[in-house]
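Only a predicted model underlies this, so the values are computations on that prediction, with no experimental measurement involved.
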Amino acid sequence: EGIEHDFYDVRRMTVNDVISAHRRIGIGLNIRARGLRKYAHHMEINSGIKLINCIGFGIPSISNDEPAYHEIGEDCTLFTDLEHCADKVYQLQTDCQLYRAMRENCLHKASLFHISSITCKYKALIKSL
């Protein structure tokens, strides 16, 4: 509430639409609008793809405190809940040093999640079987 933002429904987007949208994002919001208890099981097995997408495009983000996000890039996101989300957005908008540091962290990790890196990992996994 009170934050100007775009909303994208990826179910209706092509790959190029998704890429284009990410190139326009300044701060990623990986926040669930509904109560977290309802999604507790999802949080335990969440792959963290929303944060990975932000990292891949060098986008600092605001995220719910989910286990996968800690494993993937806790230095690329600020953790909060829906109630305090606007405060964290304001923090990233006004603290240029924090924003730049998080962006650098994202860009440094981006290659870990590039399709060529993931392909190599899958090939190694399959070869080890």
### Query
Is any NZ, NE, NH1 or NH2 atom of the basic residue among Arg12 and Asp17 found under 4.0 Å from an Asp or Glu carboxylate oxygen of the other?
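Result for this pair is no, no salt bridge flagged.
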### Task
Report yes if some heavy atom in the side chain of Cys106 is under 4.5 Å from a heavy atom in the side chain of Ile59; otherwise report no.
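Cys106 does not reach Ile59 side chain to side chain.
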Examine [X] and [Y] and state if one hydrophobic cluster contains both, with Ile, Leu, Val, Met, Phe, Trp and Tyr joined whenever side-chain heavy atoms are less than 4.5 Å apart.
X	Y	result
Phe113	Tyr69	yes
Val15	Ile52	no
Met13	Phe57	no
Ile62	Tyr90	no
Leu78	Val89	yes

To the nearest 0.5 Å, what is the distance between [atom1] ([X]) and [atom2] ([Y])?
X	Y	atom1	atom2	value
Asp95	Arg100	CG	CZ	9.0 Å
Tyr99	Thr94	OH	OG1	13.0 Å
Met102	Cys54	CE	SG	9.5 Å
Asp65	Thr77	CG	OG1	10.0 Å
Arg103	Leu92	CZ	CG	12.5 Å
His70	Ser63	NE2	OG	9.0 Å

### Name of the residue among Asn64, Ile31, Leu29 meeting side chain to side chain contact (heavy atoms under 4.5 Å, CB included) with Leu82
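So, applying the side chain to side chain contact (heavy atoms under 4.5 Å, CB included) to Leu82 and each of Asn64, Ile31, Leu29, only Ile31 qualifies.
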How close do [X] and [Y] get, counting heavy atoms only, and between which atoms?
X	Y	value
Ser61	Asn30	OG-ND2, 3.3 Å
Gly73	Ile55	CA-CD1, 4.3 Å
Phe79	Lys88	O-CE, 3.8 Å
Gly58	Pro60	O-CD, 3.4 Å

### Task
Taking His108 for its side chain and Glu104 for its backbone only, find out whether a donor-acceptor pair lies under 3.5 Å.
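No, because the side chain of His108 does not come within donor-acceptor range (under 3.5 Å) of the backbone of Glu104.
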### Task
Might you work through the side-chain hydrogen bond (donor to acceptor under 3.5 Å, both in side chains) test for Asp81 and His84, ending with a clear yes or no?
CA-CA 6 Å; Asp81 54 23; His84 299 99; 2.7 Å; yes
### Message
Before you tell me yes or no, could you show the steps for Lys109 and Asn105 under side chain to side chain contact (heavy atoms under 4.5 Å, CB included), namely the whole-Å CA-CA distance, both residues' side-chain angles and the distance that decides it to 0.1 Å?
### Response
CA-CA 6 Å; Lys109 289 185 174 185; Asn105 293 341; 5.7 Å; no
#### Entry: Residue pairs involving residues 115-129 (criterion side chain to side chain donor-acceptor pair (under 3.5 Å); sequence neighbours excluded)
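Output for this query lists His114-Ser116.
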